[in-house]
Amino acid sequence: MSKKQIIKLICLNLGIVLLNIILFSAGFVGLNLNGAAVTTALGVTVIVMSLLAFFYGNYTILFKQPSIQLFKSTELVESKDYIGALEERREKRVFDSEISNAIDQVYRLQDKDKALDSILSQYFSPQEMTYTKFQSVIDSVQALFYNNLKKMINRMIIFDYKDYTKLMNKLGNASVAGTSKSASTQLKIYNEHIDYVKGLVEMNESILVKLDSLLLEISKLDDIDEAGLEELAAIQEINDLISQTKYYKN
């Protein structure tokens with residue numbers, strides 16, 4: 001049972017209990033089953049509805065398969081939105097390492113962004129063309145970073161962890177000769193999902209490394225203009241990385 005399911009169960013059942021306390025308490029609404037006909041009818045209705053809510057609600061939370069809903073860019077706005085979406089995928093334990101690394105990368109990106117902004121403000125004013133161009137590069141690479149996170153999260157959503165676990169158990173109990181072609185094909189598909197997520201984590205790590213290089217290069221310069229900015233090796237590497245991502249499809 002996931003953490004999200006536990007929270008939903010607690011909220012549902014606690015809500016049902018509190019509602020009945022309020023409705024049947026003499027100090028509040030005061031419904032009862034031994035009073036006037038109207039009061040008794042309302043009391044019976046409340047009990048029946050509470051039982052229906054209890055059984056249906058608990059069944060839905062525990063057993064009903066959730067529909068697959070992928071995230072859109074407009075739904076993931078701030079870094080905390082991405083971190084929250086990643087944390088929700090913890091139940092798919094095959095991605096535990098990638099999730100931990102991705103969350104750590106988000107915090108590292110925030111630190112690097114603050115450092116770059118600080119050192120940039122020491123060299124230029126926001127009105128200068130070089131500052132604007134530099135900031136445009138940083139915004140582009142951050143957009144790439146978070147787009148990778150979105151693709152990573154969506155790929156985790158469509159990954160059927162239960163079916164994957166059953167398949168791995170089945171393959172673990174079968175001999176090499178007894179492994180069916182369909183099982184091997186299915187495993188290959190799951191491994192492609194896993195490799196895709198790992199590839200995105202590695203790409204974001206590459207982005208962070210390139211930002212470190214850029215920060216180092218900028219900190220060593222006493223004077224830089226727009227033309228000099230274009231010649232920085234780190235800037236060229238970042239631009240190359242951004243242009244290459246069009247080949248890395250969802």
Side-chain angles (χ1 to χ4, degrees), residues 1-35 38-107 146 149-170 172-173 186 189-190 193-194 196-198 200-201:
M1 187 185 302
S2 68
K3 182 179 179 181
K4 193 172 183 179
Q5 284 178 301
I6 294 174
I7 293 174
K8 285 183 177 180
L9 285 172
I10 293 174
C11 292
L12 171 66
N13 294 303
L14 186 60
I16 292 173
V17 171
L18 290 176
L19 178 62
N20 278 272
I21 290 174
I22 292 172
L23 292 176
F24 286 96
S25 175
F28 292 99
V29 178
L31 294 180
N32 62 75
L33 304 180
N34 298 315
V38 175
T39 304
T40 300
L42 287 174
V44 171
T45 301
V46 169
I47 291 175
V48 171
M49 295 302 294
S50 297
L51 289 172
L52 288 173
F54 173 81
F55 287 110
Y56 180 76
N58 282 273
Y59 171 80
T60 300
I61 294 172
L62 290 172
F63 302 108
K64 188 176 180 181
Q65 292 293 330
S67 59
I68 296 177
Q69 294 183 341
L70 303 181
F71 282 100
K72 300 177 181 178
S73 298
T74 54
E75 297 173 309
L76 298 170
V77 180
E78 301 180 10
S79 57
K80 64 180 181 180
D81 299 329
Y82 289 89
I83 292 174
L86 285 166
E87 288 288 3
E88 289 180 1
R89 311 279 84 77
R90 288 283 191 188
E91 61 192 47
K92 300 186 177 182
R93 291 183 291 276
V94 69
F95 295 113
D96 265 353
S97 176
E98 286 69 34
I99 291 171
S100 296
N101 287 337
I103 292 174
D104 179 64
Q105 287 173 340
V106 172
Y107 290 121
Y146 284 111
L149 278 182
K150 178 180 69 67
K151 291 190 289 187
M152 186 190 312
I153 293 166
N154 284 339
R155 188 58 68 98
M156 291 178 187
I157 290 174
I158 65 176
F159 187 89
D160 192 336
Y161 179 72
K162 291 182 180 178
D163 195 45
Y164 173 76
T165 303
K166 290 179 182 177
L167 177 63
M168 294 303 293
N169 290 334
K170 179 181 177 181
N173 296 327
Q186 192 175 9
I189 293 172
Y190 282 124
H193 284 301
I194 295 171
Y196 181 83
V197 171
K198 288 181 177 180
L200 288 170
V201 174

Beyond-backbone contact of Val94 with Tyr161, side-chain heavy atoms, under 4.5 angstrom: yes

When every non-hydrogen atom of Leu12 is compared with those of Ala53, the smallest separation belongs to CD2-O, 4.2 Å

Hey, can you tell me if Tyr146 and Tyr82 have their rings parallel, tilted or perpendicular (30° and 60° cut-offs)? tilted

Non-neighbouring partners of Asp104 that pass salt bridge (charged side-chain N to carboxylate O under 4.0 Å, His left out), sequence neighbours left out: Arg108

What residues form a side-chain hydrogen bond (donor to acceptor under 3.5 Å, both in side chains) with Thr45, not counting sequence neighbours? none

Before you tell me yes or no, could you show the steps for Glu88 and Ile153 under side chain to side chain contact (heavy atoms under 4.5 Å, CB included), namely the whole-Å CA-CA distance, both residues' side-chain angles and the distance that decides it to 0.1 Å? CA-CA 9 Å; Glu88 289 180 1; Ile153 293 166; over 6 Å; no

Worked check of side chain to side chain contact (heavy atoms under 4.5 Å, CB included) between Asn154 and Ile157: CA-CA 5 Å; Asn154 284 339; Ile157 290 174; 3.9 Å; yes

When you look at Ile7 and Cys11, which way does the side chain to side chain contact (heavy atoms under 4.5 Å, CB included) test go after all the steps? CA-CA 6 Å; Ile7 293 174; Cys11 292; 4.1 Å; yes

Taking all non-hydrogen atoms of both residues, which atom of Val201 and which atom of Gln105 are closest, and how far apart? O-NE2, 3.0 Å

Please determine whether side chain to side chain contact (heavy atoms under 4.5 Å, CB included) holds for the pair Val46 and Met49, giving the CA-CA distance in whole Å, both sets of side-chain angles, and the decisive distance to 0.1 Å. CA-CA 5 Å; Val46 169; Met49 295 302 294; 5.9 Å; no

To the nearest 0.5 Å, tell me how far Arg89 CZ sits from Glu87 CD. 10.5 Å

Taking the side chain as C-beta and beyond, is there a heavy-atom pair between Leu200 and Arg155 under 4.5 Å? no

Residue pair Thr165 / Arg93, side-chain heavy-atom distance below 4.5 Å: no

To the nearest 0.5 angstrom, please state how far the CD1 atom of Ile16 sits from the CG atom of Asn58. 6.5 Å

Distance, nearest 0.5 Å, that separates CG of Leu18 from CG of Asn13: 11.0 Å

Report yes if some heavy atom in the side chain of Leu86 is under 4.5 Å from a heavy atom in the side chain of Phe95; otherwise report no. no

Taking the side chain as C-beta and beyond, is there a heavy-atom pair between Val197 and Phe159 under 4.5 Å? no

